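Mind having a look at this structure? Questions to follow.
Being a predicted model, the structure only gives us computed values, none of them experimental.
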Amino acid sequence: MSVEEGKNNLGKLRCSNIFWTVFPHVSLILSLVCYAALGAVLFRHLEGKRVPDGDYDRYLDELWDLFNNTKLNATEFRGQLKEKIANGFRLEWLQNPDQWTFTGSLFFCCTVFTTIGYGHIYPLTTPGKVVCMLYAMVGIPLMLLVLTDVGDLLALLLSNSYKRLRRLSRKRLCFKPFWVDPKTPDDAPPSRYTLNGELEIKGPLEITQVLKAQSSVKRKSLQLRNAEIFNKIIAMENLPLVQLKRSMSCPQLDQLPPSKSIPAFTGIGEELDKLNVPMTLIVVVVFAYILFGACVLPNWETEWKPFDAFYFCFITLTTIGFGDLVPSHPNFFMLTSLFIIVGMTIMSMAFKLGQSRIVSCYRKLIQCISGGMVKEY
């Protein structure tokens, strides 16, 4: 096999490893996209063909008769009008079948499995309600799985990027001054290096000095090793030889098959400690994305003020979803849905990174309050 063939095989192996590493994550995202498209087709078929009943038209006729009643004075007219609106009007009359287009149905599916639920669009037919419940039972766990998977990837990416930037900044700060000559002259004083505050090395050293230093360090490490082994032997001898029973008060537990050791819960959050990202950077990333959405959305939601767009993005990405501000342009529902899903993955990343900082601060607080009595938590 030639060198070029070996390089080609190595390149193919790397591409294959990258493909099979990315494949599960991409497949999970594509499954969510396909599931959203399937829901859009179903709800468009179920709710888009609904025929409105005549109750709304009869209600409008009653209001028209009330307006044309000249026997009522202003006070009586207002009282009867308030009563008609409070008791006779139904919100479902505002649900127009024409809004169940493919993009409108897709946006509805996005509000279902993201648990936002604006409430401006919802199914009215019995088959549509049944399908909505079944659709949510599968869609919500799938969305949570996507958020967890992509959020973990983004958290690792941001954490690794932050660590690399810190390393680069440290390397740039730790430079040699320009006034130092790289070649030390012969009449310069010998350099001194201190190791652990015990061993001081003056340079340049002779070979005999190097051997003496190595022998002393080796002798000291052997002494430490022997002391460690001796302590372990003493600890093993102090252990009781009699095996403790599983239960002294309930002998029936001894008849059960031996189980695995119970895992200690002291390791909770240790993996999160590795994601060391400052809280300031997390907040900046989240609000930068919200600000990006607040700058983009008013381009088609022209009736919104800049603060309204910012408020809508925050309420939406935190899955609060009051429903007081709702997108009204169906041609851009797909872009809005994409913005919501990407934003929720960023929020998932922020919650994971923020959780690591909160766990770390909480541990320090517990240790400070307990005066060091709680070592692990």
Side-chain angles (χ1 to χ4, degrees), residues 1-41 102-103 106-107 109-110 113-114 135 138-174 267-278 281-293 296 317 332-357:
M1 181 182 295
S2 61
V3 178
E4 295 181 357
E5 292 179 354
K7 290 182 179 180
N8 293 332
N9 293 334
L10 184 60
K12 292 179 180 179
L13 183 59
R14 289 179 180 176
C15 293
S16 177
N17 292 334
I18 293 174
F19 174 78
W20 290 114
T21 302
V22 178
F23 178 75
H25 308 286
V26 177
S27 300
L28 194 60
I29 296 173
L30 289 178
S31 64
L32 180 64
V33 173
C34 295
Y35 190 74
L38 176 62
V41 173
F102 179 78
T103 55
L106 185 67
F107 185 70
C109 295
C110 179
F113 57 68
T114 55
Y135 186 82
V138 179
I140 293 176
L142 180 61
M143 182 64 191
L144 293 177
L145 187 60
V146 172
L147 290 179
T148 303
D149 184 66
V150 181
D152 291 345
L153 291 177
L154 292 178
L156 289 174
L157 180 62
L158 183 61
S159 178
N160 293 333
S161 301
Y162 175 72
K163 289 178 181 178
R164 289 182 180 179
L165 288 176
R166 288 189 63 184
R167 290 172 186 171
L168 289 175
S169 61
R170 287 177 180 176
K171 287 181 180 180
R172 291 183 178 180
L173 291 175
C174 297
I268 296 177
E270 291 182 357
E271 294 295 329
L272 295 175
D273 292 338
K274 299 178 182 178
L275 305 177
N276 189 11
V277 179
L281 181 59
I282 301 172
V283 174
V284 167
V285 171
V286 172
F287 276 89
Y289 187 80
I290 294 176
L291 187 62
F292 169 75
V296 173
L317 297 184
F332 298 95
F333 279 167
M334 191 170 293
L335 289 177
T336 307
S337 302
L338 180 63
F339 170 78
I340 292 173
I341 294 175
V342 174
M344 289 187 67
T345 57
I346 293 177
M347 294 299 292
S348 176
M349 173 204 71
F351 290 152
K352 183 172 290 295
L353 294 175
Q355 181 184 0
S356 66
R357 306 300 300 179

Is the shortest heavy-atom distance from the side chain of Lys352 to the side chain of Ser348 under 4.5 Å? no
Are side-chain heavy atoms of Val296 and Phe339 found at a separation under 4.5 Å? no
Do you know the tightest heavy-atom contact between Ala36 and Phe113? CB-CE2, 3.9 Å
Examine distances only and state if a side-chain atom of Ser169 and a backbone atom of Leu165 form a donor-acceptor pair shorter than 3.5 Å. yes
Within this structure, what is the CD1-CG distance for the pair Ile346 and Leu147, rounded to the nearest 0.5 Å? 11.5 Å
Taking the side chain as C-beta and beyond, is there a heavy-atom pair between Leu142 and Leu28 under 4.5 Å? yes
Does any non-hydrogen side-chain atom of Pro278 lie less than 4.5 Å from one of Tyr162? yes
To the nearest 0.5 Å, what is the distance between CD1 (Ile282) and CE (Met349)? 7.5 Å
When Leu32, Leu145, Ile29 are each screened for side-chain contact (heavy atoms from CB on, under 4.5 Å) with Val150, the one that passes is Ile29
Once rounded to the nearest 0.5 Å, what's the spacing between atom CG of Asp152 and atom OG1 of Thr345? 11.5 Å
Measure the acute angle between the ring planes of Trp20 and Phe23, then classify it against the limits of 30° and 60° as parallel, tilted or perpendicular. perpendicular
Please round to the nearest 0.5 Å and tell me the distance separating atom CD1 of Ile340 and atom CG of Leu335. 11.0 Å
Run the side-chain contact (heavy atoms from CB on, under 4.5 Å) check on Tyr35 and Met143 step by step: do they pass? CA-CA 10 Å; Tyr35 190 74; Met143 182 64 191; over 6 Å; no
The reported gap from CG in Asn17 to NZ in Lys12 (rounded to nearest 0.5 angstrom) is 14.0 Å
Heavy-atom nearest pair, Thr103 first then Phe333, reads O-CB, 3.6 Å
Say you draw a straight line from CG of Leu353 to CG of Leu281; how long is it, rounded to the nearest 0.5 Å? 8.5 Å
Do the non-hydrogen side-chain atoms of Leu317 and Tyr289 ever get within less than 4.5 Å of each other? yes
